Amino acid sequence: MKIYNTLTRKKEEFVPIEPGKVRMYVCGPTVYNLIHIGNARPMIVFDTVRRYMEHKGYEVNYVSNFTDVDDKIIKKAIEEGVEAEVISQRYIAECKKDMEAMNVKPATTHPLATQEICGMLDMIGTLIEKGHAYVAADGTVYFRTRSFKEYGKLSHKNLDDLQGGNRSLLVSGEDQKEDPLDFVLWKPKKDGEPFWESPWCNGRPGWHIECSVMSKKYLGEEIDIHAGGEDLVFPHHENEIAQSEAANGKTFARYWMHNAFLNIDNRKMSKSLGNFFTVREVCEKYDPQVLRFFMLSAHYRSPLNFSADLMEAAKNGLDRIVTAVSNLDYLAQNAKAKEADETEKALLEQAKEFLVKFDEAMDDDFNTADAISAIFELVKFANTNASAESSTEFLGALKQEIAELADVCGLIVEKKAEMLDSDIEQLIEERQAARKAKNFARADEIRDELLSRGIILEDTREGVKWKRA
Ligand code: AMP
Ligand code: ZN
């Protein structure tokens, strides 16, 4: 399995620290609003990385934080006249709902910054002791950037270029800093803000320190994969490396993975530009599975432009898989032969080629676009070779292979196949016809069958209504 490592700018063979196990950290969202579909890209992409690793037999310890203390959260809390915690808890709950809808697995641990302050105080204390950090007159603690000789290794930036170059990258409060490149680890509280006691001042942590601390606590000092969107490479991940490696004296993460942006009209979708769609909005128009399919239709390191055309294409692509699975189910229900004959066995052997293609694509830095093409080839193969003459074993094996590959991508094709709206409506029509013909036994049978698939029927004056249980 090869992974493109931002650190070395090369695809490298994946070798875990501990055989059979993966320790993975993905920077999560700041929770002050509903997440937009740009935020959903890393969630879907790295969830798929995790699923593929699990499919390969790895045990994955997957940690993803929620940043629940931040200027934007505090601003919103003041606007609404509530505690910051009310805002962060509300949007964590909403974010989890969106994740579930997109079939993103919950992380092994979802730590919250506000629950990890002790660990932050410890790490900041160690950095001060080791001479990598210092306390300014007002109690602000800064990281002494030049004390970490490898600073810039991830973003491939040179310290002197940074110093002379982009002033906007420098953090405020420069007058107190020894060097404009130094960044904040701990800052004094302002009126009305949440704060914690510390040896330096009552205050709150800078943003970067939380990930260094949570990664260490839940995964250990050295981890396999650290991931996030490409905007996090600098300064966030560069600063995380400096803090962790200066404090622990060990390599922080072996592989650094970054997804490219989700754009709209070729500009990054972001809250600050105001050019965003929330996951919630998009899922009112499309099935969340279509959104997931759309995200995986491009390689994660390629920019992806959100458009109605591409969403339609994603919808059609997903429908092709869902229809094939539903067709295999239908044929299996009516199949006469149980066991596969020699010809079918040979065909199943041939179909393994598509599983190999799928794995090859995923092994090549998680090329989900090519992996989905392999699923399409398998679907085409199934459509060509399955017929009313096929055995249940043959049909079942094809269906299982398609569903399994789709599941590695987090795409639910089976459940949907059982519950397609059009299928439900067709059965309801059949039931109405049976009732008209006074065939109540058949009508009841259909009602029970729908119920077993989680569909509840209601006979109302306006006709039959249905809902999912
Ligand atoms: P934030 O809440 O801004 O810290 O973002 C949470 C995650 O979403 C980070 O990994 C960001 O890099 C990522 N992200 C934000 N906007 C986009 C976008 N337009 N495309 C891809 N990833 C994004
Ligand atoms: Zn982070």
Side-chain angles (χ1 to χ4, degrees), residues 6 24-47 49 62-73 76 87-88 91-92 94-95 98-99 102 104 107 109-113 116 119-120 123 154-155 183 185 205-219 223 225-244 252-253 256-279 282 291 294-296 298-307:
T6 309
M24 180 163 181
Y25 187 99
V26 181
C27 292
T30 306
V31 277
Y32 66 101
N33 223 325
L34 290 175
I35 58 163
H36 60 69
I37 55 174
N39 301 129
R41 190 170 190 193
M43 285 176 184
I44 291 172
V45 158
F46 298 118
D47 177 62
V49 168
Y62 190 100
V63 176
S64 189
N65 64 309
F66 286 115
T67 297
D68 64 342
V69 53
D70 169 270
D71 287 343
K72 293 179 219 101
I73 301 174
K76 183 132 186 164
I87 301 293
S88 58
Y91 290 110
I92 288 170
E94 296 299 342
C95 178
D98 287 339
M99 285 169 65
M102 298 185 294
V104 170
T109 315
H110 277 293
L112 307 183
E116 309 290 344
M120 298 190 212
M123 190 177 278
L154 180 71
S155 50
F183 60 89
L185 298 173
W207 170 36
H208 315 297
I209 194 73
E210 70 178 81
C211 292
S212 285
V213 167
M214 298 182 197
S215 180
K216 178 175 176 172
K217 176 165 169 188
Y218 296 100
L219 297 168
I223 70 166
I225 301 174
H226 196 112
E230 67 182 3
D231 52 333
L232 299 187
V233 175
F234 187 88
H236 185 53
H237 287 164
E238 197 70 70
N239 291 354
E240 281 188 38
I241 294 179
Q243 295 162 159
S244 294
F252 179 35
W256 287 86
M257 295 180 73
H258 295 97
N259 64 272
F261 289 143
L262 178 79
N263 294 327
I264 189 153
D265 301 327
N266 296 309
R267 284 175 87 194
K268 181 195 172 193
M269 184 176 285
S270 77
K271 294 231 171 88
S272 52
L273 290 173
N275 59 348
F276 64 89
F277 290 113
T278 62
V279 169
V282 171
L291 180 60
F294 160 76
M295 293 284 185
L296 298 178
H299 189 273
Y300 75 93
R301 284 189 291 112
S302 305
L304 178 58
N305 212 42
F306 180 73
S307 71

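Atoms within each ligand, like the ligands themselves, are counted from 1 in listed order. The structure presented is a predicted model; accordingly, all values stated were derived computationally and were not measured.
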Original post:
In terms of atom number and element, which parts of ligand 1 are under 4.0 angstrom from non-hydrogen atoms of Ala260?
Top reply: 21 (C)

**OP:** Determine whether the side chain, the backbone, both or neither of Asn263 has a heavy atom under 4.0 Å from any heavy atom of ligand 1.
**Re:** neither

Original post:
Relative to the heavy atoms of Thr30, which atoms of ligand 1 are at a distance of less than 4.0 Å?
Top reply: 2 (O), 4 (O)

Original post:
In the protein, what heavy atom is nearest to atom 18 (C) of ligand 1, and what distance, to one decimal place, separates them?
Top reply: Gly38 CA, 3.5 Å

Original post:
Does any N or O atom in Asp231 lie less than 3.5 angstrom from one in ligand 1, N or O only?
Top reply: yes

Original post:
Side chain of Ser64, backbone of Val26: donor and acceptor closer than 3.5 Å?
Top reply: yes

**OP:** Starting from the Zn ion (ligand 2), look over the N/O/S atoms of His236 and name the nearest one.
**Re:** NE2

**OP:** Would you check whether Lys271 reaches within less than 4.0 Å of ligand 1, judged by its heavy atoms?
**Re:** no

**OP:** Give the ring-plane orientation class for Phe306 versus Phe294, where under 30° counts as parallel, over 60° as perpendicular and anything between as tilted.
**Re:** perpendicular

**OP:** Indicate, as side chain, backbone, both or neither, the part of Ser270 found under 4.0 angstrom from ligand 1 when only non-hydrogen atoms are considered.
**Re:** neither

**OP:** Considering non-hydrogen atoms only, spot the tightest contact between Thr278 and Leu34 and give its length.
**Re:** CG2-CB, 4.0 Å

Subject >> Shortest-distance N, O or S atom of Glu240 relative to the Zn ion (ligand 2) >> reply: OE2

**OP:** May I ask you to check if any N/O/S atom from His208 comes under 2.8 Å of the Zn ion (ligand 2)?
**Re:** no

Original post:
Considering only heavy atoms of Asn259, which atoms of ligand 1 have at least one such atom less than 4.0 Å away?
Top reply: 21 (C), 22 (N)

Original post:
Would you say Glu230 and ligand 1 have an N/O pair spaced under 3.5 Å apart?
Top reply: no

Original post:
Would you say ligand 1 has an N or O under 3.5 Å from any N or O of Gly229?
Top reply: yes

Original post:
Where the side chain of Glu238 meets the backbone of Ser155, is there a donor-acceptor pair that is under 3.5 Å apart?
Top reply: yes

Original post:
Does some side-chain heavy atom of Phe46 sit less than 4.5 Å from a side-chain heavy atom of Asn259?
Top reply: yes

Original post:
Just distances here: any N/O of Leu262 and N/O of ligand 1 closer than 3.5 Å?
Top reply: yes

**OP:** Please confirm whether Pro42 comes within less than 3.5 Å of ligand 1 when only nitrogen or oxygen atoms on both sides are compared.
**Re:** no

**OP:** Provide the closest heavy-atom pair for Pro303 versus Asn263 in the form atom of the first, atom of the second, distance.
**Re:** CB-ND2, 3.7 Å

Original post:
Below 2.8 Å, any N, O or S contact between His237 and the Zn ion (ligand 2)?
Top reply: no

Subject >> Minimum heavy-atom distance between Arg41 and Ala298, given as atom pair plus value >> reply: NH2-CB, 4.3 Å

Original post:
With atoms numbered from 1 as shown, which atoms in ligand 1 lie under 4.0 angstrom from a non-hydrogen atom of Pro29?
Top reply: 2 (O), 6 (C)

Subject >> Nearest-contact summary for atom 5 (O) of ligand 1 - protein heavy atom, Å >> reply: Asn39 ND2, 3.3 Å

Subject >> Heavy-atom closest contact (Phe252 atom, Ile241 atom, distance) >> reply: CD2-CA, 4.1 Å

Original post:
Taking all atoms of both residues into account, what is the closest heavy-atom pair of Asn65 and Thr67, and its distance?
Top reply: ND2-OG1, 3.4 Å

Subject >> Subset of ligand 1 atoms that lie under 4.0 Å from at least one heavy atom of His36 >> reply: 16 (N)

Original post:
Going by the order shown, which atoms of ligand 1 are within less than 4.0 Å of some heavy atom of Leu232?
Top reply: 9 (C), 10 (O), 12 (O)

Subject >> Side-chain (Asn39) to main-chain (His36) donor-acceptor, under 3.5 angstrom >> reply: yes

Original post:
Is it true that Ala227 lies under 4.0 Å from ligand 1, counting heavy atoms only?
Top reply: no

Original post:
Shortest non-hydrogen contact from Leu185 to Gln243?
Top reply: CD2-OE1, 3.3 Å

Subject >> Parallel, tilted or perpendicular: ring planes of His258 versus His237, cut at 30 and 60 degrees >> reply: tilted

Subject >> N/O separation below 3.5 Å, Trp207 to ligand 1 >> reply: no

Original post:
Does the side chain of Glu116 pick up a donor-acceptor pair with the side chain of Tyr218 at under 3.5 Å?
Top reply: yes

Subject >> Interfacing atoms of ligand 1 (cut-off 4.0 Å, heavy-atom, Met269) >> reply: 16 (N), 18 (C), 19 (N)

Subject >> Min side-chain heavy-atom separation Cys211-Tyr25 under 4.5 Å >> reply: yes

